[in-house]
Amino acid sequence: MPELPEVETSRRGISPHIIGSHIIDVIIRQPQLRWKIPTDLLSHIQSRQLLSIDRRAKYLLLNFESGTLLIHLGMSGNLRICPLQSSVEKHDHVDFIFDNCLLRYTDPRRFGAILWLGLTPHDSKLLSHLGPEPLSDAFTGEHLFKLAGKRKIPVKQFIMDQKIVTGVGNIYATEALFMAGISPIRAAGNISTKRYNRLAEEIKVILTEAIKQGGTTLKDFVGGDGKPGYFQQTLHIYGKTGSHCPKCKVALKSLKLASRNSVYCPKCQK
DNA sequence: ACAGTAACCTGTTTGC
DNA sequence: TGCAAACAGGTTACTG
């Protein structure tokens, strides 16, 4: 499920229901996620007020008076608001119980994470090495060009590296490269500033549009308000290997990069 | 510094 | 139809 737009959609969906509320209890049914959920988590946030929810890259940062709780949705996680005493399904691993509702974390593959970062969250190893936010002014074609240097790594892997720019996952990397007309296997160090400007622009456009549409619904992703995302209807080539390129009608091809499927148009992307 | 791969999990799709 | 392999939105950690 979650690339940046899905995480942002979750943030916006859950925020109005729980910001300002206090944590009553935390129920951990399955502590074994990517890393074990700290056993003393409740002691950090019990009776504490949730002040705000930020997003950095694909991490959600729940800011309490006492410090920051990090939540990552991994490949298959989702967060949603439920009434108190909602019945529990398989993979509903954690409930954060507030005064009037609960925030439920569900994650079949358990690639996500729930960690306590305390009062200096940005010193955390997970956050301190991240590149710029793609929708910020710090993210530009110049930035990409500069970091690319002479690197030989395929550009698709380059823009999916969270140290280069955050929040661009397989779907949006595929789409942005298509829109910019750049082959996913072109060496990162072999792309002009001009083409990187175009790529940075396309990344911004696509992410902005995807957020506007509530994220991409794959499998059973729903935003924090339970509504599905509609961006999938807008995808141009992701998941469409073999069908006609929307620009030139040539059959779309795909290849593996770092064991991730990469769809591209052999004619439009050079 | 860089590039490539294995690893963490379960559910669904694909292929024989 | 049945079963096993392949594959899926992410990221770290390890290897050479």
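Every chain is numbered from 1 and lettered A, B, ... according to where its sequence line falls, protein lines coming before strand lines.
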Base, sugar-phosphate alone, or nothing: which one does [X] contact when heavy atoms must sit under 4.0 Å apart?
X: A:L126; value: sugar-phosphate
X: A:Y59; value: sugar-phosphate
X: A:K150; value: nothing
X: A:D107; value: nothing

| said: Would you say that more than 12 heavy atoms from the other residues, nucleotides or ligands in this model lie under 6.0 Å from the CG of A:D40, or not? | reply: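 Enclosed: over 12 neighbouring heavy atoms sit under 6.0 Å from CG of A:D40.
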| query | Does a sphere of radius 6.0 Å around NZ in A:K212 hold more than 12 heavy atoms from other residues, nucleotides or ligands, not counting ones at 6.0 Å or beyond? | reply |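 Atom NZ in A:K212 is not crowded, with 12 or fewer foreign heavy atoms closer than 6.0 Å.
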| Face-to-face stacking of A:F111 with B:dC9, centres under 5.5 angstrom, angle under 30° |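 No, the aromatic ring of A:F111 does not stack with the base.
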| field | A:H93 side-chain N/O to A:D107 backbone N/O, donor-acceptor pair under 3.5 Å | value |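 Yes.
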| Intra- and interstrand pairs of DNA chain B - dot-bracket, Watson-Crick/G-U under 3.5 Å, | marks other strand | .|||||||.|||||||
| said: Side chain of A:Q32, heavy atoms from C-beta onward: which of B:dC9, B:dG4, C:dA8 has the nearest atom to it? | reply: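 Nearest listed nucleotide: B:dC9.
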| field | Nucleotide of C:dA8, C:dT12, B:dT10 approaching A:R34 most closely (side-chain heavy atoms) | value |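 Between C:dA8, C:dT12, B:dT10, the one nearest the side chain of A:R34 would be C:dT12.
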| message | Contact list please: residues 112-120 of chain A against DNA chain C, heavy atoms, distance less than 4.0 Å, in numerical order. | response |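 None - not one residue of the stretch has a heavy atom sitting under 4.0 Å from the strand.
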Under 4.0 Å from OP1 or OP2 of [N]: is there any side-chain N or O of [X] that close?
X: A:K256; N: C:dA8; result: yes
X: A:H72; N: C:dT12; result: no
X: A:K152; N: B:dA3; result: no
X: A:K125; N: C:dA13; result: yes
X: A:K90; N: B:dG11; result: yes

| Is a donor-acceptor contact shorter than 3.5 angstrom present between the side chain of A:R109 and the base of C:dA8? |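 Flag set: donor-acceptor pair detected.
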| task | Applying side chain to side chain contact (heavy atoms under 4.5 Å, CB included), name anything that partners A:L255, two or more places apart in sequence or on another chain. | result |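 Testing A:L255 for side chain to side chain contact (heavy atoms under 4.5 Å, CB included), a comparison that skips the adjacent residues, returns A:I185, A:L257, A:S262, A:Y264.
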| request: Would you please name every residue forming a side chain to side chain contact (heavy atoms under 4.5 Å, CB included) with A:A57, sequence neighbours left out? | output: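 A:Y59, A:L130, A:E133, A:Q162, A:T166.
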| For A:I24, the rest of its hydrophobic cluster, which grows through side-chain links under 4.5 angstrom |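 Same cluster as A:I24: A:I27, A:L84, A:I97, A:L102.
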| field | Within residues 181-206 of chain A or reaching into it, pairs that qualify as salt bridge (charged side-chain N to carboxylate O under 4.0 Å, His left out) - sequence neighbours excluded | value |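 Applying salt bridge (charged side-chain N to carboxylate O under 4.0 Å, His left out) to every pair that reaches into residues 181-206 of chain A, excluding sequence neighbours, yields A:R198-A:E202.
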| Under a 4.5 Å cut-off applied to non-hydrogen side-chain atoms, are A:V168 and A:L4 in contact? |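 A:V168 does not reach A:L4 side chain to side chain.
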| field | 5′-ward residue of the pair A:L147/A:A258 relative to DNA chain B | value |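 Upstream on the strand: A:L147.
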| query | Within 45° of the ring axis of A:F178 and under 6.0 Å from its six-membered ring centre, is that where the NZ or CZ of A:K247 lies? | reply |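 Yes, A:K247 sits over the ring of A:F178.
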